[in-house]
Amino acid sequence: MHDVQGELPPITAKVNEAMEVEFARRTPKSQAAAAKHSVIATGPRGAAYGPYSIWGSHAEGCRIYDIDGNAYDDFSNVATALIHGYAHPTLGQAIFEAYCKGSQLYGFRSAYREQLAEMIVERVPGVEEVIFSCSGTESDMYAVRIARASSGREKVLRFRGGYHGSYDPLIGYDPGPWPGFPKSAADDVVLADYNDIDGFDKALMDHGPELAAVIVEPVLGTGGYIHQRGGFLQHVREATRRAGVLLVFDEVVTGFRWARGGAVERYGIDPPADLVVFGKIIGGGTPLGAVGGRADVMKVLVGRDGRLPVIAGGTFAGNHVGCAAGIAALELLTAEAYDRLDRLGERLRAQLKDALRAAGVVAQVTGDASVCAVHMTSEPVTDARSAATAPPPLGRLVRMGLMNRGVIWSSGGLSSNTVMTEAEVDHASEAFASALDQIRPAIGELAPHMLE
Ligand SMILES: Cc1ncc(COP(=O)(O)O)c(C=O)c1O
């Protein structure tokens, strides 16, 4: 039943075995399905939560159901995208109406696209113009291309542990090289550590004149919701400005989740980022992405004075179904909705810390706004290096322990949505406390210094 995870030491192996037995007891139909060959090639996260992938049946509100009839409170929210949960009737209606009016009028301007773009411009500081894509990855790719065309330079500085989708230069060599990525992808990338002001300044000093852009996630999302410390983001803003390097905020996770105007607004970044990348929430549960920016930077998208335009966009970029869902999703994000999302996030962070304290386990809770993560390490987590000090089996055991107790979290951690209540948050905290109790012997074996 074991998946690929290397040899576990004896006590940890026993805890793992008990969890896998419980996992299998709860999900016999999924296990039977897993035994059958699938023609779908499984990606690296195929069995993220246990020894095999659970077969989902349907989802509604903040809950996913599997074919064995188990219900899971979903704190992954499709990697933070579904801020209004599953099958929200308002979004469903908007999607249906847009589809019935023609899902995409290729080559035409349309009210759907214009309205969503206007809503983005109105909400996000510094954004004057917008282009659409179909995903966060695509948007990051276009942002880099726009920055290169605008600056006439090629290199991009990004932070270790940051995630910007799967575009070659933004992922290939950290910690890769991953198979299939060209060696040349590394040539145009400069790496620095998140939250390390001195290291960043040095990298900027060494490479500034070659840099088209610095790209940063305001919170290291997939890297474990690691939040900024000591005014890091404002420092990056001021330093890039002084160096004449464009700053790209990858707000695929934080955009419209951190605040109406995203992390730029919440952290009062002044002047705002030069380019902002969006995905997830702006599609209202459908695949949509966008890049917004200052008009003088975005102008390279239009060919002028004999210059060719930057190539961006695609068949379904800015399709009406996605835009209609995005409009409805943003309209539902009222001041009360943000207040509620943040309160649930704060409650969860506080309760996870309480659970660790009560169990006498020294570990780290990171996050801000409506997201949080637990890092099973005694070292304060401020960047990718400190996050990597957590022994990998512990994270997997926590994840499987929560799954066995009907709670899902994603690779980054846990996020709340607008249809959750305190009851789901309390359930997640109780599940964590109970899983921690089960995992304690493994902690004692793998990292005894974490036990008080
Ligand atoms: C910060 C960030 N940027 C980009 C992406 C890629 O977005 P997508 O999965 O829509 O391609 C993600 C996805 O999780 C992300 O978290």
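Start at 1 and go down the list; that is how both ligands and their atoms are numbered.
- Taking every heavy atom of S135 and a limit of under 4.0 angstrom, the matching atoms of ligand 1 come to 10 (O), 11 (O).
- Of the N or O atoms in K280, one or more lie within a sub-3.5 Å distance of an N or O in ligand 1.
- Near E217, with a cut-off below 4.0 Å to any heavy atom, the atoms of ligand 1 are 1 (C).
- Close contacts of ligand 1 with V253, meaning ligand atoms under 4.0 Å from a residue heavy atom, involve 16 (O).
- Taking the six-membered ring for Trp, F200 and Y194 have ring centres at least 6.0 Å apart.
- Partners of Y225 by ring pair (Phe, Tyr, Trp, His ring centres under 6.0 Å), not counting sequence neighbours: none found.
- Here the protein heavy atom with the shortest distance to atom 2 (C) of ligand 1 is Y163 O, 3.2 Å.
- Closest approach of L116 and I282 over heavy atoms only: CD2-O, 3.9 Å.
- In terms of polar-atom proximity, G136 is counted as a contact of ligand 1, with an N or O under 3.5 Å from an N or O of the ligand.
- No more than 12 heavy-atom neighbours from other residues, nucleotides or ligands sit within 6.0 angstrom of CZ on F316.
- If you look at F232 and F159, their ring centroids are closer than 6.0 Å.
- Contacts between H164 and ligand 1 below 4.0 angstrom, taking non-hydrogen atoms only, involve the backbone exclusively.
- Protein heavy atom in closest approach to atom 5 (C) of ligand 1: G165 N, 3.7 Å.
- Other residues, nucleotides and ligands contribute over 12 non-hydrogen atoms within 6.0 Å of the OH atom of Y65.
- More than 12 heavy atoms of other residues, nucleotides or ligands sit less than 6.0 Å from atom CD of Q234.
- In this comparison of D140, V219, T137, the heavy atom closest to atom 6 (C) of ligand 1 sits on T137.
- Annotation: D250 places an N or O atom under 3.5 Å from an N or O atom of ligand 1; distance criterion only.
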